[in-house]
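Here is the structure we will look at, set down as structure tokens.
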Amino acid sequence: MTRTLQPALLDGLLAWYDRHRRRLPWRALPGEVADPYRVWLSEIMLQQTTVAVVTPYYERFLARFPDLQALAAAPETAVLAAWAGLGYYARARNLHACAQAVAEAGGFPAEPAALRSLPGIGAYTAKAIAAIAFGANVIPVDGNVERVLARLFAITETLPAAKPRIAAHAEALAVEPAARGRPADTAQALFDLGATVCTPARPACGICPFLGSCAAQRQGIEATLPRLAKKPDRPQRWGAHFWLTDAAGRVLLRRRPREGLLGGMTELPGTPWRPERWSAAEALAHAPAPAQWRPAGQVRHGFTHFTLTLDLFAAEVERIAGDGFLCEAGRLDGEALPSLMRKCVGMVTRKKPPRPGPGGRAESPAERANSHQGTGPGKSPLSVFPEPN
DNA sequence: ATCCTGACTG
DNA sequence: CAGTCAGGAT
């Protein structure tokens, strides 16, 4: 329907790509075809995660699960442990489920629609795999591509309302002759341009292959695009978690429910998370065992849709008889601990003084209870016997 | 609407 | 150094 106004648009982009392409561990060498397993694995990891963070995870993951069969045959706990720290753990569970489905089928499908139906593969990832590993004439639109196209065509409507308009531009570009000739490179060129030149804050328009064609740059509005609808602010939630060790130096852990927040990941036992802070008495009613609990600091963590503050308590007992499982305190690296829990472990084991310091504002519930209970001068531990419940 | 983390920024 | 931002699937 629309005639091509800039026939050389993609030719310039591809010429730029030939000189400035990033070398990434999951990419094929120039002229070679990428391995679908590696493309898929990298694309799942790259969902919501930057290249710099993904790279070391990708290398370790690939060494541990070198191919589809190895991943499909692995226990889910091993996959989650290898993923720990990357976030959005539904990705790891879907990755494992997808590996089993694809191994069963004997390999990845090549069509975007078939890829799209697999666990963890949405519209973007389906097009990315189809274009990069199978040479399909499609342009996957991720955040980078969205930004590049919003600027190239000066789309001033706010996101996400502007998505259909941007998608239409991507579809028009995907069928141009230059893109048809090199579908994988076209997609990756747009990724690389967005990552290294057409950056969010200070785009380097002076070295951009689209300089002169870019509508936003001609209007001087490139740095303001794409426009984002403003986000609602995040509510606060509170919890308390417990570091309980035994005489052998093992710590009590438990596994979170498979579904939902941090699903299937390992955690220190604790209270539910709620909008109000837990008093010490309330919190310690959820302690995994009676013990001389002492306040062990506070950890703050931001999730997408709420901010969490955890009060920590620590205690030692001779022998642990609680729900959950034990792990040597020095071997927590092998556990599927999300970053939130790694912060907690770091706070407790580095024996940082509990926040807040002198002059701080929020008194921790532990400290409050400590003084109220008057169990002794200063910092004596709490003696607590949780109510059976 | 839910789901996490590291980089960036003021 | 705390707050904000970037980044797709379900």
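The sequence lines fix the lettering, A, B, ..., with proteins before strands; numbering per chain opens at 1.
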Rounding to an integer number of Å, can you tell me how far A/Leu159 CG sits from C/dA6 C1'?
12 Å
Check A/Arg277 against A/Glu282 and note the closest heavy-atom contact, atom names and distance.
O-OE1, 4.1 Å
Please, which pairs that meet ring-ring contact (aromatic ring centres under 6.0 Å, His included) have at least one residue in residues 167-192 of chain A, sequence neighbours excluded?
A/Phe153-A/His169
Taking for A/Leu228 and for A/Leu118 the nucleotide of DNA chain C with the nearest heavy atom, the one nearer the 5' end belongs to A/Leu228
Does the side chain to side chain donor-acceptor pair (under 3.5 Å) test come out yes or no for A/Thr309 and A/Gln236, once each step is laid out?
CA-CA 8 Å; A/Thr309 309; A/Gln236 174 74 218; 2.6 Å; yes
Donor-acceptor pairs are to be reported for all side-chain atoms of residues 68-88 of chain A against protein atoms at under 3.5 Å, with residues two or more places apart or in another chain.
residue	atom	partner	partner atom	Å
A/Glu76	OE1	A/Arg258	NH1	2.3
A/Glu76	OE2	A/Arg258	NH1	3.0
A/Glu76	OE2	A/Arg258	NH2	3.4
A/Trp83	NE1	A/Gly87	O	3.1
A/Tyr88	OH	A/Thr304	OG1	3.4

Proximity to the side chain of A/Asp142 - top-ranked nucleotide from C/dG8, C/dA6, C/dG3
C/dG8
Surrounding CZ of A/Arg91 (heavy atoms of other residues, nucleotides or ligands, distance under 6.0 Å), is the total greater than 12?
yes
Would you verify whether the NZ or CZ of A/Arg60 falls within 45 degrees of the ring axis of A/Tyr58 while also being under 6.0 Å from that six-membered ring's centre?
no
Selection residues 118-140 of chain A - residue pairs positive for salt bridge (Lys or Arg N to Asp or Glu O under 4.0 Å), sequence neighbours left out
none
Hey, what are the protein-to-nucleotides 7-10 of chain B N/O distances that come in under 3.5 Å?
none

Return the value, rounded to whole Å, for the distance between atom CZ of A/Arg300 and atom C1' of B/dT5.
16 Å
Any chance the rings of A/His301 and A/Phe303 have centres within less than 6.0 Å?
yes
From CD1 of A/Ile129 across to P of C/dG8 the rounded distance in Å is 13 Å
Output the rounded distance in Å from CH2 (A/Trp83) to P (B/dG6).
14 Å
Look at the side-chain N and O atoms of A/Asn94 and state whether any lies under 4.0 Å from the OP1 or OP2 oxygen of C/dA9.
no
Identify, with sequence neighbours excluded, every residue that meets ring pair (Phe, Tyr, Trp, His ring centres under 6.0 Å) alongside A/Tyr17.
none
Answer yes or no: does a side-chain N or O of A/Thr125 lie under 4.0 Å from OP1 or OP2 of C/dA9?
yes
OP1 or OP2 of C/dT10 sitting under 4.0 Å from any side-chain N/O of A/Arg91?
no
Please list, pair by pair, any protein nitrogen or oxygen found under 3.5 Å from a nitrogen or oxygen in nucleotides 2-4 of chain B.
residue	atom	partner	partner atom	Å
B/dC3	OP1	A/Leu261	N	3.2
B/dC3	OP2	A/His305	NE2	2.9
B/dC4	OP1	A/Tyr89	N	2.9
B/dC4	OP2	A/Leu262	N	2.4
B/dC4	O4'	A/Tyr88	N	3.4
B/dC4	N3	A/Tyr88	OH	3.0
B/dC4	N4	A/Tyr88	OH	3.4
B/dC4	N4	A/Thr304	OG1	2.7

So does A/Gln47 get a side-chain nitrogen or oxygen closer than 4.0 Å to the phosphate oxygens (OP1/OP2) of C/dA9?
yes
